[in-house]
Amino acid sequence: MITHALFIGGPPGSGKTTIAQRLARRHGLRWYNADTKTWEHRDRALQAGHPAAERWERLTPEERWITASDEEIKQITLKVERGFMILDDVRMLPPSPLVVAEGSPLRPGPVARELADPSRAVWLIPTPEVHRARLEARTYRPPGKKPGYIRRALIEAGEIEAEARKYGMPVIKVDGSQGIEAMVHQVEEIFAAALAEGPRAKTNGERRALLRYANEAFVAQCLGYLARPWTSGDPKSSILSFVCECDDIYCDATVRMPVADFPLDSPPGTVLAPGHRTE
């Protein structure tokens with residue numbers, strides 16, 4: 001059983017990442033962002049000789065997202081396999097502080113089997129109208145990926161909701177009537193007992209280390225992508241938004257810089273938005 005983690009699941013565009021990031025910062029939790037593990041997971045599958053992972057590497061972006069069937073896309077994106085990899089990753093993280101893990105590959109059934117208390121997971125399910133609007137606003141590469149991606153995400157939302165309700169797990173409907181802070185508060189209420197129990201980071205130094213952990217995951221994600229033989233670009237031209245490492249637990253500022261310039265050798269608390277500081 002996993003006893004040191006909280007899970008936030010849902011389809012792409014449900015708000016998982018923003019809510020998990022704010023919860024982690026405010027409550028001194030370790031934020032596990034499944035997106036940052038994408039290429040690590042793919043490498044793990046390749047090392048195991050997974051046929052669908054090998055096929056992904058051979059296909060062009062158009063073949064992956066436009067000409068492939070829905071079933072083939074499910075296979076080559078490792079939807080099922082990555083859900084279990086996420087659980088394996090979380091299981092291996094230190095027991096303190098609590099982990100808040102989020103990611104679209106998570107599914108209610110496997111998560112429920114890892115938790116003694118179903119209130120340690122919540123599933124964010126946008127209404128079709130809100131979901132479509134959010135996904136329409138995103139940039140897609142290749143551009144032709146958009147229609148199929150949106151259609152599959154809408155179907156996925158319904159499947160996740162049905163499975164979460166089957167296992168008696170909390171579901172929050174995202175209908176656009178509440179702002180992000182109200183959504184954060186709703187999730188905090190569901191996780192209230194677990195947050196009170198902890199353990200949580202207490203000192204500023206501990207919190208800064210967790211912020212650096214999150215930023216280093218972004219660096220690893222970018223470098224993992226750039227290492228693919230079919231990609232172009234380099235760390236100098238790849239600009240990311242990193243979380244500000246200041247001591248304000250309510251800070252939601254970001255710091256944009258080339259991945260090559262991220263100060264990996266500097267102490268946590270070095271990456272600061274203008275006007276922000278550490279104690």
Side-chain angles (χ1 to χ4, degrees), residues 5-38 86 90 97-106 111 120-140 149-150 153-154 156-157 160-161 164 169-192 194-195 200-201 207 210-219 221-222 239-256 271-273 276:
L6 308 172
F7 293 91
I8 302 177
S14 57
K16 304 178 301 297
T17 298
T18 301
I19 291 173
Q21 182 179 352
R22 295 194 183 190
L23 282 179
R25 183 157 202 145
R26 294 175 190 183
H27 296 280
L29 314 180
R30 184 185 302 277
W31 172 31
Y32 174 96
N33 175 354
D35 284 348
T36 66
K37 302 295 182 180
T38 298
I86 292 169
V90 171
L98 279 175
V99 178
V100 56
E102 52 91 5
S104 296
L106 287 168
V111 172
R120 284 182 170 248
V122 64
W123 305 89
L124 307 179
I125 308 297
T127 62
E129 298 77 17
V130 168
H131 202 187
R132 182 177 293 279
R134 289 183 176 184
L135 295 175
E136 286 281 359
R138 293 185 170 185
T139 300
Y140 294 85
Y149 183 86
I150 293 176
L154 292 169
E156 185 178 348
I160 293 173
E161 179 177 8
M169 307 185 84
V171 171
I172 294 178
K173 294 293 285 186
V174 183
D175 61 7
S177 65
Q178 300 185 80
I180 187 62
E181 282 303 316
M183 296 295 299
V184 171
H185 182 63
Q186 271 194 276
V187 176
E188 283 176 322
E189 288 184 327
I190 292 170
F191 290 160
L195 292 172
R200 300 184 289 167
R207 290 174 177 274
L210 293 172
L211 296 171
R212 177 55 61 89
Y213 170 85
N215 279 335
E216 289 177 346
F218 290 134
V219 173
Q221 176 187 21
C222 181
I239 300 175
L240 297 185
S241 293
F242 296 96
V243 298
C244 176
E245 297 176 354
C246 74
D247 291 336
D248 180 1
I249 64 172
Y250 291 98
C251 174
D252 58 5
T254 58
V255 181
R256 286 182 61 77
V271 179
L272 298 170
H276 292 234

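Values below: all heavy atoms of this structure, side chains included; hydrogens, waters and symmetry mates excluded.
A distance of 14.0 Å separates CZ of F242 from CG of L272, quoted to the nearest 0.5 Å. Atom CG of L6 and atom CG of L195 lie 6.0 Å apart (nearest 0.5 Å). Remark: I239 CD1 to R256 CZ distance equals 6.0 Å, nearest 0.5 Å. Note: I19 CD1 to I172 CD1 = 6.5 Å, rounded to the nearest 0.5 Å. Between D247 atom CG and R25 atom CZ the span is 8.5 Å, to the nearest 0.5 Å. In this structure, NE2 in H185 is found 10.5 Å from CD1 in I190, a value given to the nearest 0.5 Å.
The side chain to side chain contact (heavy atoms under 4.5 Å, CB included) test applied to A217 returns T36, not counting sequence neighbours. In this structure R207 satisfies the salt bridge (Lys or Arg N to Asp or Glu O under 4.0 Å) test with no other residue, sequence neighbours excluded. Every side chain to side chain contact (heavy atoms under 4.5 Å, CB included) that H276 has, sequence neighbours left out, goes to C244, C246, C251, A253, A273. Among residues two or more places apart in sequence or in another chain, the side chain to side chain donor-acceptor pair (under 3.5 Å) test is passed with E181 by R22, R26. With sequence neighbours excluded, no residue satisfies salt bridge (Lys or Arg N to Asp or Glu O under 4.0 Å) with E102. Listed by chain and number, the residues in a side chain to side chain donor-acceptor pair (under 3.5 Å) with R30 amount to none (sequence neighbours excluded). Y213 is linked by a ring pair (Phe, Tyr, Trp, His ring centres under 6.0 Å) to nothing, counting only residues two or more places apart in sequence or in another chain. Under the side chain to side chain donor-acceptor pair (under 3.5 Å) criterion, T254 pairs with no residue, sequence neighbours left out. In this structure, the side chain to side chain contact (heavy atoms under 4.5 Å, CB included) partners of A101, at least two apart in sequence or on a different chain, are F7, Y32, V90, V99. For Q186, the side chain to side chain donor-acceptor pair (under 3.5 Å) partners two or more places apart in sequence, or in a different chain, are Q178.
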* Test side-chain contact (heavy atoms from CB on, under 4.5 Å) on F191 and H27 and set out the steps. => CA-CA 11 Å; F191 290 160; H27 296 280; over 6 Å; no
* Residues R120, V111; criterion side-chain contact (heavy atoms from CB on, under 4.5 Å); working and verdict -> CA-CA 10 Å; R120 284 182 170 248; V111 172; over 6 Å; no
* To do: Could you give me the CA-CA distance, side-chain angles and deciding distance for N215 and V255, then say whether side-chain contact (heavy atoms from CB on, under 4.5 Å) is met?
  => CA-CA 10 Å; N215 279 335; V255 181; over 6 Å; no
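Sequence neighbours left out, the pairs with a member in residues 127-137 that pass salt bridge (Lys or Arg N to Asp or Glu O under 4.0 Å) are E136-K146.
Panel note: side chain H131, backbone P12; a donor-acceptor pair is recorded below 3.5 Å. Here the side chain of Q221 pairs a donor or acceptor atom with the backbone of D35 at under 3.5 angstrom. Put simply, the side chain of S14 gets close to the backbone of P11: a donor and an acceptor are under 3.5 Å apart.
With a 4.5 Å cut-off on side-chain heavy atoms, W31 and L23 do not count as touching. Counting only heavy atoms from C-beta outward, the side chains of L106 and W123 approach each other to under 4.5 Å. You'll find the side chain of N33 stays beyond 4.5 Å of the side chain of K16, heavy atoms only.
Exactly one residue among D175, I160, V174, V130 makes a side-chain contact (heavy atoms from CB on, under 4.5 Å) with I125. That residue is I160.
The minimum heavy-atom distance linking A24 with V100 is given by the pair CB-CG1, 3.8 Å. Nearest heavy atom pair, residue V171 against residue A164, reads CG2-CB, 3.7 Å.
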